[in-house]
**Student:** 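Sharing a structure with you now.
Reminder, nothing fancy here: chain letters follow the sequence lines and each chain counts from 1.
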Amino acid sequence: MMLAILPMVPLIGACFLCSKRGRAINGPLTISTLLLILGGFGLVRVFAGQPITFRLPLPGPYGPTFYADALSVLFVLLAVFLWLVVALYAPEYMKREGGAGRFALWTLLTLSAVLGVFLAGDLLTLLLCFELMTIASFFWVIQRGDREAIGAGYYYLFFSIVGGLFLALGIVLLSVATGGLPTFGNSPVTPLYPTMFAWSVACLLIGFGIKAGMVPLHLWLPRAHAVAPTPASALLSGLLIKVGAYGLIRVGAFAGWGQTLGDGIRWLGPVLAFLGVGTMLVGVGAALLQSEAKRLLAYHSVSQMGYILLGLGIGLELGTAGELGLLGAIYHLFNHALFKAALFLGVGVIYLHTRETNLYKLGGLWRRFPVTAFLMLLAVLGITGAPGLNGYASKTLLHHALSQAVATGIPWARWVEPLFFLVGVGTAASFTKLYYLIFLGKPTPVKTTTVRSTRLHLAMVLLSIVMVGSGLAPALFPKVAAVPAAHGLGMAQAATVLGGLAFWNFADVSGMFLTLILGAIVCGAGLKWGVFHWQAPRWLTLEGLVKLFIKGASAIGRKGVAFYRLVGAAVGSWGRRLSSCLYRAFTRFDQSRNATIGRIRLVGLSADAAILMLMLTLVIACSVLNSLVRMF
Amino acid sequence: MTTLIRANLPVLVVIAPLFVAFILPPLARRIRLVEALALLGAVLGLGGAGYLASIVLTQQENPFIYQLGGWPAPWGIELVAGSLGVFFLLVVGVSVPVLLFAQGNLAAEVGGAERVTRFYVLYLLLVGAMAGMAVTNDMFNVYVLVEVATLSCCGLVSARRYPRAAEAAFTYLILATLGSALVLGGIGLIYLITGHLNMGFAAQELSRVWLARPHVVLMAVSLIVVGFGVKAALFPLHVWLPDAHSTAPSPASAILSGLAVKGYLICLVKFLYGVFGPTLLQEFAVHRILTLLGGVGIITGSILALTQEELKRRLAYSTVAQVGYLILGFGLLNVTGLAGALFYLASHAVIKATLFLAAGAMLAATGKRNVRDLAGVGRKMPITMAAFTIGSLGLIGLPLFSGFIGKWYLLLGSWEAGLILPAVAILAGSVLCAAYLLPVIRAAYFAPAPEEDWPDPGRPQKLALLLLAAAVVILGVRPGPFLELAQKAAAELLAFY
Amino acid sequence: MSGLLTKVLINYPYLVAVLLFTIGTFTVLTHPNLFKKLLGINIMESAIFLMFVASGNIRGGVAPIRGTTNAEAVYINPLPSALMLTGIVVSVSVTAFALALIMRLYKAYGTTDLRRIAARRKEVISDDHLDQG
Amino acid sequence: MLALVFALSSGIIGGLLVAALPAARTRLRNMVVLFFTGSGMICSWLVARQVWAGERLRFAGQLGGLTFCLDPDPLGIVFGLIAATLWFFTVVYSLGYMAGKAHQRTYYAFLLVAFSATLGVAFSGNLVALYLFYELLTLTTYPLVIQERSPEAMQAGTKYLLYNLAGAAVLLLAIVLTAAWGGRLDFVGGPILAAGLKTGLNWLLFLFTVGFGVKAALLPLHRWLPAAMVAPTPVSALLHAVAVVYAGVYGLLRVVYSVFGTTLLGELGFAALIPWVAAGTVLVGIIVATQQDILKRRLAYQTISHLSYILLGAFTLHPWGLAGAVLQMIGYAVLKTAFFFCAGIIAEQTGVTRVSQMGGVGRSLPKTMVAFAVVTLGMIGMLPLGTFWGKFYLMKGSVAGGKWPLALVLIGSGIINAVCFIPVVVRAFRDENKRLSITERGVRVTLMLVPTMLLVVVGLGMGLFPGMVWPAVQAVVDWFF
């Protein structure tokens, strides 16, 4: 019951907000605080290994099921926490941006949908909330209402709709393949038709992959996250894309965590890992070339999702020994949510003061905004994986998983390892660039306005506390949250594996430092030689290719429609011409009463009579012919 | 008395209209009396037909054979009221409402009160001849009755004092006489080789001798098909029909299109099935020719109707198309198809009478001939247009109306004959029929009406229209004896096949 | 060959009938004059009558009148002749009716030539709209 | 039984009554119209309850030697209830939409008679009755198409009639052949032609497909439908998106499940082809729709596309496909009617009929446009709307029936639907500065808006709680499988 109520709470809040009376109070803040308390008390017991299920007893083909295990609750609490932070941050920000009321409304609705997604007990409920989330968050993206925002909104909406449709198809295939829609919590499933099951997993992979910003389906992400208001960007990047990852974990559960994958879907692990690596590389590469702070961050979201996908892929591939991959992925999900939110919020603060997000127009701002600069530094260190902050912990975990894969003798893992390192360097480089260009470097003449930034900072501080805490005690989060989640998914050995792992070993720490230093060098070199200004030719970028494809498709579509019209018009005109021909012929036949046969002129009646006689001859000839044929 | 009537029923049915026709001329001054008597004659005929039908249907005597003058068959002349005869006698009953309609403004239509009596005389002669065709079993009698009918038809066509009417009548007369000459030639040939004029005996004889002289029989078949074809407006021989039927006064058009054409068709059926027999038809492939001509006639007639601007001409061409259905059905050579064609014959008689009478009423009230000029007539003459609409829907072949049942059996018949093209023609004809009749209804109901005042016709005319419209619906919903008789007749005609 | 010729020669009345019929038809078809058309019809009908009457004839037969001939004599068939009397009556009435119609047409158009009638049809119709003529 | 008779006759009685009333008595007429549609709806529900309870309401008569019978079964009930319920909504909407327009009496009279005809199609128990009401439906809706009396409307009306009558002619041939082969025409007692495979059955199926396909706007036979959009919006909404076209679709469902039966169809080559024709129609219809600028035409082409969803489901020959078809029938009918209603309100209030002029409509008519937006999502097949379930089961059926590419077609169609309609919505809300003048407010607008909103709410309710309509679907599936 609790599970069904939780998503309802923001909805009620939204109704309250709509009814004008709620304008005076900060709706989202109140609601998310309330939810944090409610959820905290109500759901924490699942960490003890006791999942909660609830089914709305509706007749018919579909009664929504809710299900909360450690994984869901982890995400729920994370979501509510982030919302709380953003709710703290948003009013100040939106006052400047305009449309605060609308924003609060959509924020609440999105929260409701997100909670629904995480608490859903079967794929259909998940899909329902997923679609609602898409719709509600779409309004975030188009909040600004200008051309760019609408364009990005289209991208976002279309990709999400396509994702939703693929999810639907995946669900259909799954339900046919397994002979009934499996619910979460009693995985893995034993498919009746393995091939169809594989296809269904592929569809689900596409559907969730779109949401997760998986390359090559990530195109919507940088645009949408860049144009949304910053608090919304924080939530989009921090949490909404995690929905994709969450979904993939659940899909993985159908395939089976902690066991060798069945026939037909053995490809799932490697494919996920490859996609993850690709996502990492593309994201970081594109991020390096960005000059706009929010776009840079957005591309990093892509890249960091790549880490998570890689972790999941390794976890699936290693099968029974894949705990580290899964744990790393979950941990990274958690961490990324924190530091990416913090980064966006920080950039938002700068934007609020300077009305500028172009890195090259900013510079030397640390003097003017020391607090922001400090908090941002923490976040940057977090994402680059500096030891002592949370990013380090999860990346280390993932790295260990990768090493384990190499050790197990999985052939592709060896190739992945240097790439992993490379991406780390790239991340470091691009964040050095970001931080350098905004806070260090030459001060540029930017006009600043004074904004009361207490609340803004408070929000960031909240995040930072968690980040630092998690960074200093890296094993705490996995032990408390990730391990029960992994348990719930069927990885019984997770606690043991985690226990045998030391976060603070020399190899990892030094590796990280090496990465950071290399990153800084790369960044310096890049800035010096202006490599970051390189614009890839259109045909090389995926986006360009997709645009070309869309253009081509729509051109073909238009041609097709033109052809359809042409055919229609041709048929019509031929029909008209034919009918008018017939009409003329028949009217002539009706009136023509004169004819000449040879020299004999037939007038009026005679012509008719002649026809008659011809007819007679015809009949007789026919019959004679017929009887002659019969005789011989 | 009753027994006397019952015993002489077949001949009385024929005699009643003829007798009334003969006593009418001296009474020419007293138009009321003439009208009443004419109606009486037709009603007597219909009543007799009904009685006869009840006798035949209840199997008291089927067929009801009557020997004229008491001479037995090969020498005497026989009247046979079998299922077919009785069926057509009932169809001839259409003449009653048409006559009722005529009582309204016939004088205006034919141009003078003194011509009214002439009209009735011709009308009753035609009805008598039709009744005679229904029951006669003697080939030469058929010829005589055909000639009587032809002459009275020509008279009816030329009833208007209007040069085009005379022209149409002359055309009709020449072609119809040509047709009768051919028919007579055909009868002569049959007589030549069989020595009989009685249909039954001739048929028996023919089935024995035709192998010896196939060419003569073939010649006879051809002559008779073409001869009746001309008169019944079989497709390429229809050239006289549109002029004749569209220039005649409306009641005359109704009876010509509704009844006269059907009489010749019944004679054709009698010859084809009663004299030559299905086997022979099949031997000479005449049935295929008939089906082909019927199908082509349906399509061509319908398209021709579509091209007509003038309402009555459109209806006249529609008759050509509908005759196509009947001919097609005759050629299918199976019971279902033949029964369908016969039922369709009845249905078309009623429908076409309705349509022509409604068109006539509209023409009389508005003076407008063309479909386009009849805009808004539906609101001003609701009853007339309602009848017209019902007739149209019936002709299109909508269920609930009589045309549907005929078409249904025709389609079934064409399936039984293993032919798909006739079915296609039948359906295409339906669609084309909608295409040429619905614009009339559309113009009448949905086009803006002019200012002029067009009243509905008088009471007898309204009554006639309503009667006919009701008949269309009743035949469609409860065809009862008609369908039964048609099926029986078809079964009897094809009994030895 | 001679057999066929004999056959044809013996059946000459039928040949004549066919010839007459052809002449009649040709006349109907080719002559624009209404009278000639009517005559053509009459010729055609005569051909048919001839055929009928010929069919009743038997070579060497006598008229079937009782009491005037001996019982063994071959009678000709009287029935066709009797029928043709009716036919002739019909034909006469048709002719009469056609003549009446021709008169009306002549009055309206002033000619009995179909070609001219066709030419004048329009003007005459424009004179009298409906049937007020 | 009484309910059945009254449900069928209420439309005709009401229509005649309306025709008899003087044209000036608007208020009285409105009451009559509301009363008879309402009572027709209630009686249909009563009939439905009886049928679901397992009763058989057979009402047979003779029609010229042919049996004519009414015998509603669960499938007919579904169609009948869709029609009856939406008719009521449409009538209420019409009271607003038609107020002050010309030829109202004709409009209402024929609207009511068409109501009877539609219910007749739904409740008919054999092919003869079906054919009768099918023809009747064509003829009684013709005056509604030419309601405007403009030359364009007249032309569209002619096209409408000729297409549909030609289709009915083909249908008649098919029915005759069925009678000849099957020996009976009743729907009860299993498929008519179940006896065995014959050579001509492919052709028979072809004839049926063409005959019903005209009304169902199957691809090369669809051209009347966009043309018929000249009709007033309520007519377009109800008849050309739901009732008339559903008569065709319903007919094809009958052909599949009552005439041929799934076993027999599974062996016919042509039956295997039809889903692909339907799939082609789905795609072509929606692609052509994207290129239409006139909003109603766009909706019309989309109708063409969506009708074929149902056919596609029916021809998967799988229980889930049938369930999907029935669900799609219900969900789509509700939403499409609302869709047209929105378009009607927009056209009436602001005079905007083209997509390219839509800027600013969202500001002027926020409620309508929100409804429009929600319906758009439904047309894509997104979850909180009822159409999702139709699509879901259709996909399920096609996958389970071994025709998985059909599922992809449905997905593709959903995407193109999004391309087709989302820009319309966005454009309507985008131009903040432009504010179109609204012609009027008041009762008339309320009368139009309330049914629209209610339908949207029903659509949403169906999406969240498909159990609402599931018993009906279940009954259909159980009836045939």
**Student:** Write out, in numerical order, the residues from residues 428-447 of chain B with a heavy atom short of 4.5 Å from a heavy atom in chain D.
**Tutor:**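 At a heavy-atom separation under 4.5 Å, chain D is reached by B:V431, B:A434, B:A435, B:L438, B:R442, B:F446.
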
**Student:** Looking only at heavy atoms, which of residues 478-485 of chain B get nearer than 4.5 Å to chain D?
**Tutor:**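 Residues B:R478, B:P479, B:L483 are the ones that qualify, each having a heavy atom under 4.5 Å from chain D.
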
**Student:** Can you list every side chain to side chain donor-acceptor pair (under 3.5 Å) pair that touches residues 413-426 of chain B, not counting sequence neighbours?
**Tutor:**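 Listed by first then second residue: B:T336-B:E416.
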
**Student:** Around D:R25, counting heavy atoms of other residues, nucleotides and ligands shown, do more than 12 lie under 6.0 Å from its CZ?
**Tutor:**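 Incorrect, the count does not exceed 12.
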
**Student:** May I ask you to test the B:F404-D:L132 pair for a side-chain heavy-atom distance under 4.5 Å?
**Tutor:**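 Result no, sub-4.5 Å side-chain heavy-atom pair not found.
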
**Student:** Heavy-atom count around D:Q155 CD within 6.0 Å, excluding the residue itself: above 12?
**Tutor:**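 Atom CD in D:Q155 is not crowded, with 12 or fewer foreign heavy atoms closer than 6.0 Å.
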
**Student:** Between D:V170 and B:L427, is there a side-chain heavy-atom distance shorter than 4.5 Å?
**Tutor:**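 A side-chain contact is absent here, since even the closest heavy-atom pair is not under 4.5 Å.
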
**Student:** At a 4.5 Å cut-off on heavy atoms, which part of B:L412 comes close to chain D: side chain, backbone, both, or neither?
**Tutor:**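 Both backbone and side chain.
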
**Student:** Answer with side chain, backbone, both or neither: which region of D:L161 has an atom nearer than 4.5 Å to a non-hydrogen atom of chain B?
**Tutor:**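 For D:L161, side-chain heavy atoms alone lie under 4.5 Å from chain B.
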
**Student:** Surrounding CZ of B:R379 (heavy atoms of other residues, nucleotides or ligands, distance under 6.0 Å), is the total greater than 12?
**Tutor:**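 At most 12 heavy atoms, drawn from other residues, nucleotides or ligands, come within 6.0 Å of this atom.
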
**Student:** For B:F343, which atoms come within 4.5 Å of any heavy atom of chain D: side chain, backbone, both, or neither?
**Tutor:**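 For B:F343, there is no contact with chain D at all, as no heavy atom is under 4.5 Å.
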
**Student:** Taking only residues two or more places apart in sequence or in another chain, which ones pass ring-ring contact (aromatic ring centres under 6.0 Å, His included) with D:F68?
**Tutor:**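 In terms of ring-ring contact (aromatic ring centres under 6.0 Å, His included), with neighbours along the sequence ignored, D:F68 is linked to no residue.
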
**Student:** Quick check: are there more than 12 heavy atoms from other residues, nucleotides or ligands sitting under 6.0 Å from CZ of B:R372?
**Tutor:**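 For B:R372, atom CZ is not crowded (no more than 12 foreign heavy atoms under 6.0 Å).
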
**Student:** Is the number of heavy atoms from other residues, nucleotides or ligands under 6.0 Å of D:W203 CH2 greater than 12?
**Tutor:**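 Incorrect, the count does not exceed 12.
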
**Student:** Counting only heavy atoms not in D:F59, do more than 12 sit closer than 6.0 Å to its CZ atom?
**Tutor:**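 Atom CZ in D:F59 is not crowded, with 12 or fewer foreign heavy atoms closer than 6.0 Å.
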
**Student:** Just so I know, are the side chains of B:I426 and D:L173 near enough to count as touching, which here means a heavy-atom distance under 4.5 Å?
**Tutor:**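 With C-beta onward as the side chain, the pair stays apart.
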
**Student:** How many angstroms lie between CG in D:L177 and CG in B:L411, if you round to the nearest 0.5 Å?
**Tutor:**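 Going from the CG atom of D:L177 to the CG atom of B:L411 covers 8.0 Å.
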
**Student:** Taking the side chain as every heavy atom from C-beta outward, state whether D:L139 and B:L398 have any pair of such atoms under 4.5 Å apart.
**Tutor:**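 Yes, close enough: below the 4.5 Å cut-off.
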
**Student:** Given heavy-atom pairs under 4.5 angstrom as the criterion, report whether the side chain, backbone, both or neither of B:L475 touches chain D.
**Tutor:**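 No part of B:L475 comes within 4.5 Å of chain D.
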
